[in-house]
Amino acid sequence: QVQLVESGGGLVQAGGSLRLSCAASGRTFSSYAMGWFRQAPGKEREFVAAIGRSGGFTNYADSVKGRFTISRDNSKNTVYLQMNSLKPEDTAVYYCAAGVYLIGTMTGDYWGQGTQVTVSS
């Protein structure tokens, strides 16, 4: 029903910035909360950020709050994650998700394939 494709990952130095994009298919993009999760090697997938259906509400993991900004453009069926002041511990595969809000996170009813972010020290 919903297909998500991430882009924008890459290699940056600590302190640098990247902007991830997630393009969604279909005409029901605005029906979902959208968000980002990440998974580092040997670790569980963890919540990063989420944004409500109309973009009026945002939530962030404590580890990224103040550094990352999530936004969405429903006219373009796209959600973004602006990542500033990147740290080596931000290195992970970042996944876009569509779903509904939960306490401190969101459901992952649909997932993208992921994009690699590597932060060098």
Side-chain angles (χ1 to χ4, degrees):
Q1 183 175 339
V2 178
Q3 292 185 334
L4 306 171
V5 180
E6 302 96 336
S7 63
L11 173 65
V12 297
Q13 295 184 18
S17 298
L18 283 174
R19 189 177 79 157
L20 306 183
S21 298
C22 173
S25 66
R27 299 179 179 179
T28 60
F29 178 74
S30 63
S31 296
Y32 298 93
M34 299 294 298
W36 294 89
F37 292 73
R38 66 187 183 186
Q39 187 168 23
K43 295 185 178 181
E44 298 293 321
R45 188 173 298 187
E46 64 177 350
F47 170 77
V48 176
I51 188 166
R53 293 168 57 185
S54 64
F57 301 96
T58 57
N59 294 101
Y60 300 90
D62 289 344
S63 60
V64 307
K65 193 171 185 178
R67 300 188 298 120
F68 292 10
T69 302
I70 189 170
S71 61
R72 69 189 295 166
D73 186 342
N74 288 349
S75 70
K76 298 179 179 179
N77 287 359
T78 302
V79 62
Y80 306 93
L81 185 68
Q82 179 67 47
M83 305 185 294
N84 298 326
S85 301
L86 283 162
K87 305 174 181 179
E89 50 263 47
D90 295 319
T91 295
V93 177
Y94 284 70
Y95 297 91
C96 179
V100 297
Y101 274 99
L102 296 174
I103 297 174
T105 185
M106 61 170 288
T107 65
D109 298 333
Y110 302 94
W111 295 92
Q113 296 300 306
T115 186
Q116 177 71 48
V117 172
T118 302
V119 184
S120 65
S121 60

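Numbers here simply count residues along the sequence, with the first being 1.
- For residues 2-25, there are no ring-ring contact (aromatic ring centres under 6.0 Å, His included) pairs, not counting sequence neighbours.
- If you chain together ILVMFWY residues whose side-chain heavy atoms come under 4.5 Å of each other, Phe37 ends up grouped with Phe47, Val93, Tyr95, Met106, Trp111.
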Run the side-chain donor-acceptor check on residues 49-61: report pairs under 3.5 Å with partners two or more places apart or on a different chain.
unit_1 : atom_1 : unit_2 : atom_2 : d
Arg53  : NE     : Ser30  : O      : 3.3
Tyr60  : OH     : Ile70  : N      : 2.9

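- Each salt bridge (Lys or Arg N to Asp or Glu O under 4.0 Å) pair with one or both residues in residues 88-108, not counting sequence neighbours, appears once here: Arg38-Asp90, Arg67-Asp90.
- The CG atom of Leu81 lies 7.5 Å from the OH atom of Tyr94; values are rounded to the nearest 0.5 Å.
- Under a 4.5 Å side-chain heavy-atom cut-off, the cluster of Ile, Leu, Val, Met, Phe, Trp and Tyr residues that includes Val5 has no other member.
- Listed by first and then second residue, the side chain to side chain donor-acceptor pair (under 3.5 Å) pairs that reach into residues 8-23 are Ser17-Asn84, sequence neighbours excluded.
- Proximity of Leu18 to Phe68: side-chain heavy atoms (C-beta onward) are nowhere separated by under 4.5 Å.
- Pairs of residues two or more places apart, or lying in two chains, that qualify as disulfide (SG to SG under 2.5 Å) and include a residue from residues 89-121 are Cys22-Cys96.
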Give the table of side-chain donor-acceptor pairs shorter than 3.5 Å for residues 112-121, with sequence neighbours excluded, one pair per line with atom names and distance.
unit_1 : atom_1 : unit_2 : atom_2 : d
Thr115 : OG1    : Gly9   : N      : 3.2
Gln116 : NE2    : Ala92  : O      : 3.4
Gln116 : NE2    : Thr118 : OG1    : 3.3
Ser120 : OG     : Val12  : O      : 3.4

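- Side-chain contact check for Met83 versus Leu20: some heavy-atom pair is nearer than 4.5 Å.
- Counting only distance, with no hydrogens or angles, the side chain of Thr69 and the backbone of Gln82 share no donor-acceptor pair below 3.5 Å.
- Take Tyr110 and apply the ring pair (Phe, Tyr, Trp, His ring centres under 6.0 Å) test, not counting sequence neighbours, and it matches Tyr32.
- Here the closest heavy-atom approach between residue Tyr80 and residue Asp73 is recorded as CE1-CB, 4.2 Å.
- The side chain to side chain contact (heavy atoms under 4.5 Å, CB included) check on Asp109 picks up Thr107, with sequence neighbours excluded.
- Contacts classified as disulfide (SG to SG under 2.5 Å) and involving residues 30-73 (residues at least two apart or in different chains) are not found.
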